[in-house]
Amino acid sequence: MLKETDSIIKKYNNGTYGSIDGNLWRNTQNLTSNRACRNQLVFLLLLLFTSAFCILFAVYPLKQRLPNNLKEIDPSTCQTHICLYPTSDISLTNTQISLLESHPSTITDSSMFAFVNFEYFQQSPSSLSITHPEGMIITLPLKSYGNDGLYYFQDNIEPQQDRFLISIDFENNIIEGFASCQGQKFELHSVGDTQFHLMIEKNWLQDNTNWCGIGDINTQYDLIDIDDKLNTDDDDDDATFQRNIAIWLSANNIITNHVELDALLINKEISPSSDENDNLFVVEPLCSDQSQYDSKVYCLYPSSTNSWQQFDDLSFYTFNGVDFEWTELSDYPLDLADSTINLPKNMCIITDNEIYTFSVNPIDAMVNIYSYTTSWRLHHYTPLINGDIDKVEIDSVFIDDILYFSINEYDASGIYTVYHYTDDIFSVFDTKLKSEVPIYSHCLTSYNDQLLTFYVDYGHNIWAYYDGLTYNLDFNIANDIDVNQFECISISAELGNIISWKYESNVYYLQLSPNDFQTILSYSTIPWNMESSEANIFQLISLTNSFSNDYKTVSVYYSPDITSNYLPDVTSVTMDIESLISLSNIFYSLNNRYESMMKLETIAIYQDNDNIDTFTSYEGESQINILLVDTMSDDEEIGYSQCDSDDQSFAVVSYTAF
């Protein structure tokens, strides 16, 4: 630009740009001289302006002075959970992106940038939607969820075809994901302080052993062959598994909460009947808690009409909490009364597997009590009910050989009464005027082998009543719930109680401390909608197997090669490790392989370089192994453990296809 300006000035001074009439230029010398001075001044000013403009243009950011592709993309227009863009559309690069794209396991030129709609994840988590750059939208339903931001989505039609495991840190907008879609394998990574994330396609099988990289896991769970320890005798050394699960039961789904595994929730469909086109239940069944004698849950259901409003008798089912199977006890229906005088509200199991059912009799406005051992019978004890019969609450619990049941009348001026069953006699245990103790909705559970009552007052606050004293939990549910939508259970003495309630189609729950039943350890919303049928039955059940030990633990070790070359900050990938361990647990749970579920115990750095060649073919009892790939001389070697094969400890393991 400067050279061109100098040339213009020279040409002007040499007369190149003088008057068209050469005589005029020569004959009017003074006038021409004045004009020349004035024109030279103009060009000098132009020169200064042009130079300043060039300098300013050179230092001003490129994306501010040109219509760059990054500026043209507006992520706020993304209407799905994830929107993908070609990398050619966004001018973005950094060391982490280069490392991921150049990794030996990454397919060349497969990268896409992803915008993640974090708010949409929180607002609508029950299914995952991804917009492809070509406009196609992929949708996967949610199968599992963890309170720590873990989401597992899987296609219902082809369970092993499309799936996506995502771990999200909502506070810092960090996401890591592992996906399998239409025979292709993808990973989603956060790549620094940017609103875009990197999606890369990975090789299914890794044949180059001289590399290290992000963890992976083999999810071909149908190939797993595990001994069925749950069928062994109680005195067998192998029978060392115990699980404590809270389940929410509806007409078509069971949501399981593995409380000890950081509240890992799994959504399971209730198995259909012999006709594959029909569901087993159309409305919600009414179920007991789990029997301490045979580990089964007992349920009643209006099979003939699929309606709790009108039936002649009720079918009798068992639910096996070990393999999640339903069995109809077709020879033992509850046929002592029809729906005109028998509207079941609650079930409970007591000594010697005797099953009690508490029903409302709308005609006589009283409670009918039925029990089953080898057949059904009606008890003669029939407490009266005042107020709205349809909205009365009845709950029951069996504690230390005593059966308690409660009647909470609907009216605010009504009576709340607790009865107990001792020496084969029902009698009043406690009673309160609701005008003095405002119990709007309630549930019965236990603490230290004594009766514990949680209730919601008319201002939506949660209270506890225990051993004659009232405790304020200082928690407002902030929902105008209906009655019979508030539940609580004791998971175990070590894990404490869970309180749960349903408002519209959303379910909420609190996990309480086992030390004082007042301290709230966690508060969460179940990300699945639980639409109710006409019965509007809301049930929370505790499942515990009668075995002695807890879940297995897994210890994770990093070699210096990994920490120096790929993961310099070990703490930054803790979320990934937890996700991959959770993934194995999800698959075990979906296939009722609970005895092999694991939980994270510790993370350490393996520093002994001299022993890097002492890797052994260690796999333990699980074919779903963890975690990080290391530089190995033999691709058949799976990992190294400083511990014995009984404790499921890992250092590093081979790369396997997700």
Side-chain angles (χ1 to χ4, degrees), residues 244 246 259 288-290 292 345-351 356 358 367 369 381 383 392-409 412 414-477 483-484 486-501 509-523 540-542 544:
N244 297 283
V259 181
S288 69
D289 48 5
Q290 185 185 34
Q292 60 179 308
K345 287 281 190 176
N346 188 265
M347 298 179 68
C348 189
I349 300 176
I350 67 168
T351 306
Y356 274 76
F358 301 91
V367 175
I369 303 175
Y381 191 76
V392 66
E393 288 186 335
I394 300 178
D395 201 4
S396 61
V397 65
F398 185 62
I399 307 171
D400 198 21
D401 294 329
I402 299 177
L403 171 63
Y404 298 90
F405 80 93
S406 56
I407 300 176
N408 181 31
E409 296 177 349
I415 300 174
Y416 171 79
T417 308
V418 179
Y419 302 84
H420 62 173
Y421 186 57
T422 57
D423 299 326
D424 297 328
I425 297 174
F426 282 103
S427 59
V428 174
F429 175 75
D430 190 14
T431 185
K432 302 182 185 302
L433 295 175
K434 296 180 63 171
S435 58
E436 299 177 358
V437 182
I439 302 175
Y440 171 70
S441 187
H442 84 295
C443 60
L444 304 182
T445 183
S446 63
Y447 180 76
N448 283 346
D449 292 329
Q450 293 189 60
L451 179 66
L452 171 62
T453 303
F454 291 107
Y455 68 89
V456 179
D457 64 20
Y458 289 86
H460 311 139
N461 302 295
I462 297 181
W463 300 77
Y465 182 78
Y466 179 75
D467 198 21
L469 298 176
T470 301
Y471 300 84
N472 187 352
L473 267 63
D474 294 321
F475 188 92
N476 190 291
I477 65 175
V483 292
N484 293 297
F486 184 75
E487 281 282 287
C488 56
I489 56 170
S490 174
I491 300 295
S492 67
E494 295 76 21
L495 296 175
N497 278 271
I498 284 181
I499 301 175
S500 183
W501 62 95
Y509 73 92
L510 302 173
Q511 183 178 347
L512 304 177
S513 170
N515 300 322
D516 56 15
F517 68 76
Q518 300 175 71
T519 302
I520 297 173
L521 300 180
S522 65
Y523 165 60
L540 178 62
I541 300 171
S542 175
T544 304

Exercise. Indicate yes or no: at least one non-hydrogen side-chain atom of Ile489 is less than 4.5 angstrom from one of Asp289.
Key: no
Self-check item: Closest approach of Ile439 to Asn408 (non-hydrogen atoms, all atoms of both residues)
Solution: O-OD1, 3.6 Å
Quiz item: What distance separates Tyr465 OH from Leu451 CG, expressed to the nearest 0.5 Å?
Solution: 9.5 Å
Exercise. Please tell me if the side chains of Thr351 and Phe398 come closer than 4.5 Å, counting only heavy atoms from C-beta onward.
Key: yes
Quiz prompt | Heavy-atom closest pair, residues Pro383 and Tyr419 | solution = CB-OH, 3.6 Å
Exercise. Indicate yes or no for a side-chain donor-acceptor contact from Lys345 to the backbone of Phe358 under 3.5 Å, with no hydrogens or angles considered.
Key: no
Quiz item: Between Asn472 (side chain) and Asp474 (backbone), is there a donor-acceptor pair under 3.5 Å?
Solution: yes
Quiz item: Considering residues at least two apart in sequence or located in another chain, which fulfil the side-chain contact (heavy atoms from CB on, under 4.5 Å) criterion with Tyr447?
Solution: Leu452, Tyr466, Phe517
Quiz prompt | Over all atoms of both residues, closest heavy-atom pair of Ile541 and Gln290 | solution = CG2-N, 4.3 Å
Quiz item: What pairs with Tyr416 under ring-ring contact (aromatic ring centres under 6.0 Å, His included), at least two apart in sequence or on another chain?
Solution: His442
Self-check item: Closest contact, heavy atoms only, Cys443 versus Asp395
Solution: CA-OD2, 3.3 Å
Exercise. Identify the two heavy atoms, one from Pro514 and one from Glu494, that lie closest to each other, and give their separation to 0.1 Å.
Key: CG-O, 3.3 Å
Self-check item: Partner residues of Phe486 under the ring-ring contact (aromatic ring centres under 6.0 Å, His included) criterion, sequence neighbours left out
Solution: none
Quiz item: Side-chain donor-acceptor pair under 3.5 Å between Asn244 and Thr544, yes or no?
Solution: yes
Quiz item: So, Glu409 side chain and Ile415 main chain: donor-acceptor pair closer than 3.5 Å or not?
Solution: yes
Quiz item: What pairs meet the salt bridge (Lys or Arg N to Asp or Glu O under 4.0 Å) rule with one or both residues in residues 444-468, with sequence neighbours excluded?
Solution: none
Quiz item: Taking the side chain from Asn497 and the backbone from Thr445, do they hold a donor-acceptor pair closer than 3.5 Å?
Solution: no
Quiz prompt | Asp401 and Tyr421, any side-chain heavy atoms less than 4.5 Å apart | solution = no
Exercise. Tell me, please, which residues at least two apart from Thr519 pass side-chain contact (heavy atoms from CB on, under 4.5 Å).
Key: Ser513, Asp516, Leu521
Self-check item: Spacing of Leu512 atom CG and Ile499 atom CD1 [to the nearest 0.5 Å]
Solution: 4.5 Å
Practice problem: Of all the heavy-atom pairs spanning Ser396 and Cys348, show the shortest one and how long it is. | Solution: OG-CB, 3.2 Å
Quiz item: Taking the six-membered ring for Trp, are Phe405 and Tyr381 parallel (under 30°), tilted (30 to 60°) or perpendicular (over 60°)?
Solution: perpendicular
Quiz item: Taking Glu487 for the side chain and Ser500 for the main chain, is one N or O donor matched with an acceptor at less than 3.5 Å?
Solution: no
Quiz item: Residues two or more places apart in sequence or in another chain: which of them pass ring-ring contact (aromatic ring centres under 6.0 Å, His included) with Tyr440?
Solution: Tyr458
Quiz item: Relative to each other, are the rings of His420 and Phe429 parallel, tilted or perpendicular (30° and 60° limits)?
Solution: tilted
